[in-house]
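What follows is a set of notes on a single structure, which appears directly below.
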2 protein chains.
Amino acid sequence: MSDVAKVPREVNPEVIEDLGNLLGDRITTTMAVREHHGHGEDYFAAFPPDAVCFPNSTEEVAEIVKICANYSTPVIPFGTGTSVEGHVTALHGGITIDLMQMNAVIEVNPEDLDCRVQAGVTRKQLNEHLRDTGLFFPIDPGADASIGGMAATRASGTNAVRYGTMRENVIGLTVVTADGRIVRTGGRAKKSSAGYDLTRVFIGSEGTLGVITEVHLKLHGIPEKITSAVCQFPSTADAVDSVILTIQSGIPVARIELLDSLMMDWTIQYSKLDQYESKPTLFYEFHGSEANVEEQTNQVRAIIDEFGGSAFQWASSTEERNNLWQARHDVYHACIAQAPGKQGISTDVCVPISQLAECISETELDTKESGFDAPIVGHVGDGNFHSIFLVDIDDEEEMKRAKDCNDRIVKRALAMGGTCTGEHGIGAGKIDFLIAEHGEAVSLMRSIKKALDPENIMNPGKVLRV
Amino acid sequence: MSDVAKVPREVNPEVIEDLGNLLGDRITTTMAVREHHGHGEDYFAAFPPDAVCFPNSTEEVAEIVKICANYSTPVIPFGTGTSVEGHVTALHGGITIDLMQMNAVIEVNPEDLDCRVQAGVTRKQLNEHLRDTGLFFPIDPGADASIGGMAATRASGTNAVRYGTMRENVIGLTVVTADGRIVRTGGRAKKSSAGYDLTRVFIGSEGTLGVITEVHLKLHGIPEKITSAVCQFPSTADAVDSVILTIQSGIPVARIELLDSLMMDWTIQYSKLDQYESKPTLFYEFHGSEANVEEQTNQVRAIIDEFGGSAFQWASSTEERNNLWQARHDVYHACIAQAPGKQGISTDVCVPISQLAECISETELDTKESGFDAPIVGHVGDGNFHSIFLVDIDDEEEMKRAKDCNDRIVKRALAMGGTCTGEHGIGAGKIDFLIAEHGEAVSLMRSIKKALDPENIMNPGKVLRV
């Protein structure tokens with residue numbers, strides 16, 4: 001929630017001309033398209049790029065970047081536009097590369113549990129493609145984001161507690177560098193000690209070091225048994241404390257999501273869910289063999305008993321599970337329905353699990369004292385939660401109050417050993433928080449940025465001030 | 001197995017003087033100490049450093065590096081000296097920093113399953129320290145290596161099939177940069193999207209980007225039940241095919257190690273293990289709850305039946321498990337005993353699991369046709385295996401034959417989508433293989449090296465030719 005400088009560069013018309021020669025009608029300067037590409041799902045002021053390209057191969061991306069490099073023109077990679085920290089806005093003008101026409105699943109190797117996809121493949125598309133293989137790709141950030149965008153922002157979401165984040169599930173990348181070279185990182189071996197870990201350098205680099213055009217992913221076997229359960233608690237502290245004990249006990253739950261009582265209230269209203277009370281609620285998913293799932297659920301049941309949790313509501317079939325999780329899925333729309341015309345802005349701190357109860361309770365108090373009804377939804381198994389502020393972005397006073405409150409939320413999380421962003425990324429909005437969190441280490445990030453993008457054309461104004 | 005250039009720099013005597021003023025008697029130029037620090041457990045010609053320092057804090061390491069940087073003097077970090085690719089030899093002279101006096105466990109956070117240690121803490125020391133917490137650190141590369149060295153080489157070993165490698169088990173580092181700054185990377189939150197992944201940049205960088213002085217580690221709960229089993233097979237192909245099916249079935253075995261028939265023959269002779277035959281043999285370890293371990297072993301039993309495996313030999317208590325695994329533990333000594341005076345040199349390729357059977361069988365044929373009895377031991381669950389060549393390093397013809405054979409082994413693995421090093425690292429010996437494996441990506445590694453160590457003083461001559 002910080003301000004961004006408004007210093008657009010002027011783009012040389014020859015760039016557009018050269019790109020036109022390369023791409024024909026797959027480049028456009030139409031204002032509607034440029035405006036659409038000027039923002040993600042965020043509250044940031046939108047800066048449209050000067051043109052939008054739609055390449056259909058890595059080689060074409062390389063040619064586009066070479067042309068842009070030739071004129072020192074900014075390059076902004078764009079997937080589904082679902083990021084929330086201003087990642088895709090063209091702060092300094094330039095050329096947006098929309099990768100959504102690169103949506104081929106290139107190879108699936110069921111015997112090695114891996115696959116390679118173009119950056120524009122979405123996670124739902126991939127799982128649809130994999131349906132007959134008995135395998136799936138677990139990372140689920142909510143939005144049907146592109147795999148390239150998920151890699152670029154080190155996305156995670158509800159399944160990360162068991163399956164990890166993009167960091168753990170990408171084994172290799174194809175990247176176009178700032179000077180237009182095509183580079184393959186990583187490999188298909190399950191482990192390697194061969195040289196620097198370039199794959200991890202690009203994961204989470206948010207388009208500032210190069211354009212990710214292909215992603216090589218780990219896959220997982222679809223569990224024999226998947227069950228869902230929901231449990232309601234007398235207080236947020238009880239719910240969170242039960243999560244802490246669950247994680248500390250090493251129970252491999254696949255998802256464990258918290259909605260606080262306010263969020264439950266709003267989703268019950270929005271989705272007409274009579275079966276629930278407006279109480280802090282945990283949504284679980286268990287994956288494993290029949291016996292293994294039973295073992296996990298018995299262990300969790302014993303824990304929730306300790307903390308006054310209600311009896312589980314259960315579901316096994318896909319349809320029942322979707323119904324049970326309805327409240328969780330409807331969170332965003334339930335919030336928006338509360339305050340039509342307002343914008344939802346989400347915090348994203350993540351703290352060590354031992355600090356989670358305290359962090360959430362202090363945060364709830366702080367948002368309340370700041371005059372907000374800011375419900376909480378959390379990937380609490382990871383220590384990650386979001387407070388949702390509903391704000392009128394044209395109301396300066398309200399925006400300042402929200403910003404000040406978020407500043408405190410981040411500082412509190414950092415003081416507890418946490419991070420300013422569990423999964424949303426730095427983008428244009430959290431550059432100062434990155435410095436507060438990592439201090440001197442940011443200077444090393446800056447050195448890497450300068451080494452790989454000396455002209456600062458790759459998504460300038462994001463992650464770092466160069 | 002490649003040659004290294006012999007171009008020692010001259011070290012300015014003032015460096016030694018300045019370091020003496022800083023460290024008093026914790027720097028030495030005694031030849032015996034320098035020679036000890038001039039090599040790891042490798043066959044490389046040893047280049048002793050000009051002096052060896054024994055700092056006892058990160059701040060002291062920073063001061064040492066500043067002095068070295070001031071005189072453009074090479075800096076070589078040193079742990080237990082158990083690396084095998086020439087990582088610690090002072091190719092260009094310089095100052096070795098022996099980190100073994102920095103051996104404090106700084107903090108253990110049982111509730112968050114993490115801990116922070118100084119670089120000189122060894123893995124056995126750490127597990128001894130953790131004994132009463134119910135937690136353990138799983139990575140086991142065989143040697144009782146220092147945690148700092150394990151991070152620097154991205155070590156893994158027998159447990160990686162279940163618990164991952166150092167890449168997955170380090171959450172943060174304290175690093176002294178090439179200009180003597182102290183930088184903390186990563187953090188204690190379970191996930192973060194805050195900026196570039198510097199932790200992973202330094203893991204596997206083999207001392208070429210900075211000196212790792214502290215390591216923040218993930219810990220794991222000691223499983224309720226640990227059992228071991230051993231199974232013998234009619235052929236290597238049968239053994240490996242059963243492993244492939246085990247991994248593809250997603251059975252979470254904690255260890256699954258192969259000894260081929262020649263290796264079994266030698267260990268039976270060496271360790272007088274009458275209970276075994278000289279047949280290809282798999283050694284398993286299962287971790288989990290009582291029920292979970294039973295489920296895993298039943299699944300594996302069904303698989304080995306398909307491939308003509310013998311009945312399991314079983315063990316549950318620590319002592320019985322150690323006895324059962326004796327053959328596996330004695331591999332190195334059993335090899336050396338076969339050819340006194342010869343040196344054991346290990347290959348280290350790792351391939352996608354689907355390629356493992358073919359890769360091992362072609363490798364066995366190749367080593368035989370090259371005139372070597374080169375037994376195989378493998379972390380086969382990861383697709384990683386070692387052929388052990390016994391060579392007289394003064395016999396040029398034999399060394400050339402071994403080198404040529406290893407070249408073919410690596411090329412074969414790369415052609416199968418594998419890596420030249422699963423866990424030993426690049427060091428001084430595999431620089432050309434790194435280029436063969438990663439091509440253009442190596443130029444990005446070189447850019448990062450130049451950005452973080454512009455004077456090339458950090459362990460020069462390793463990983464990259466700058």
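Chain A forms the most heavy-atom pairs under 4.5 Å with one residue out of B/Arg167, B/His220, B/Met166, and that residue is B/Arg167. For the options B/Leu434, B/Leu198, B/Val463, heavy-atom pairs under 4.5 Å to chain A are most numerous at B/Leu198. Residue with the most contacts toward chain A among B/Ser289, B/Gly383, B/Ala155: B/Ser289 (heavy-atom pairs, distance under 4.5 Å). By number of non-hydrogen pairs under 4.5 angstrom with chain A, the leading residue of B/Gln355, B/Lys449, B/Arg200 is B/Arg200. Per-residue heavy-atom pair counts under 4.5 Å with chain A were compared for B/Gly425, B/Gly439, B/Gly204, and the maximum is reached by B/Gly425. Your options are B/Thr165, B/Leu209, B/Asn109, and the one with the most heavy-atom pairs under 4.5 Å with chain A is B/Leu209. Per-residue heavy-atom pair counts under 4.5 Å with chain B were compared for A/Gly250, A/Gly417, A/Gly422, and the maximum is reached by A/Gly422. Between chain B and the residues A/Ile244, A/Leu135, A/Thr208, the most heavy-atom pairs under 4.5 angstrom are made by A/Thr208.
Screening A/Val183, A/Thr177, A/Ile182 for a side-chain contact (heavy atoms from CB on, under 4.5 Å) with B/Glu440, the sole residue that qualifies is A/Val183.
Remark: side-chain polar atoms of B/Asp197 are not paired, donor with acceptor, to backbone N or O of A/Val201 under 3.5 angstrom. With hydrogens and angles disregarded, a donor-acceptor distance shorter than 3.5 Å links the side chain of B/Arg154 to the backbone of A/Gly195. When atom types are taken as modelled, the side chain of B/Asp382 and the backbone of A/Lys190 share no donor-acceptor pair closer than 3.5 angstrom.
At a 4.5 Å heavy-atom cutoff, the contact between A/Leu464 and chain B is made by side-chain atoms alone. At a 4.5 Å heavy-atom cutoff, the contact between B/His424 and chain A is made by backbone atoms alone. With a 4.5 angstrom heavy-atom cutoff, A/Asn384 touches chain B only via side-chain atoms. Neither the backbone nor the side chain of A/Thr199 comes within less than 4.5 Å of any heavy atom in chain B. The part of A/Cys420 that comes within reach of chain B is its side chain, from C-beta onward, which places non-hydrogen atoms under 4.5 angstrom from that chain. Looking at B/Ile426, both its backbone and its side chain come within 4.5 Å of chain A, counting heavy atoms on both sides. Looking at A/Gln248, the atoms closer than 4.5 Å to chain B (heavy atoms on both sides) sit in the backbone and in the side chain alike. If you measure heavy-atom distances from A/Ser192 to chain B, the contacts under 4.5 Å come from both the backbone and the side chain. Both the backbone and the side chain of A/Glu423 have a heavy atom closer than 4.5 Å to some heavy atom of chain B. The parts of B/Val161 that come within reach of chain A are both its backbone and its side chain, each placing non-hydrogen atoms under 4.5 angstrom from that chain. With a 4.5 angstrom heavy-atom cutoff, A/Leu444 touches chain B via backbone and side-chain atoms both. For chain A, the nearby part of B/Glu295 is the side chain; its heavy atoms alone come within less than 4.5 Å. B/Ser354 touches chain A through backbone and side chain together, each having a heavy atom under 4.5 Å away. Only the side chain of A/His379 comes within contact range of chain B, judged by heavy atoms closer than 4.5 Å. With a 4.5 Å cut-off on non-hydrogen atoms, B/Arg181 touches chain A through its side chain but not through its backbone.
Side-chain atoms of B/Thr419 and A/Arg188 form no donor-acceptor pair, as typed in the model, at a separation below 3.5 Å. Between the side chains of A/Lys191 and B/Ser156, a donor-acceptor pair is found at a separation under 3.5 Å.
Note that the CD1 atom of B/Ile247 and the CD atom of A/Glu111 stand 14.0 Å from one another [nearest 0.5 Å]. One finds the OG atom of A/Ser193 at 7.0 Å from the CG atom of B/Asp348 (value rounded to the nearest 0.5 Å). Summarising the geometry, atom CG belonging to B/Asp179 is positioned 8.5 Å from atom OG belonging to A/Ser447; distances are rounded to the nearest 0.5 Å. For the atom pair CG of A/Leu356 and CG of B/Asp112, the computed distance is 10.0 Å after rounding to the nearest 0.5 Å.
A 6.0 Å sphere centred on CD of B/Gln299 holds more than 12 heavy atoms belonging to other residues, nucleotides or ligands.
Taking every heavy atom of both residues into account, A/Gly418 and B/Ala189 meet most closely at CA-CB, 4.2 Å. Across all non-hydrogen atoms, the minimal contact from B/Gly186 to A/His438 is O-CE1, 3.3 Å.
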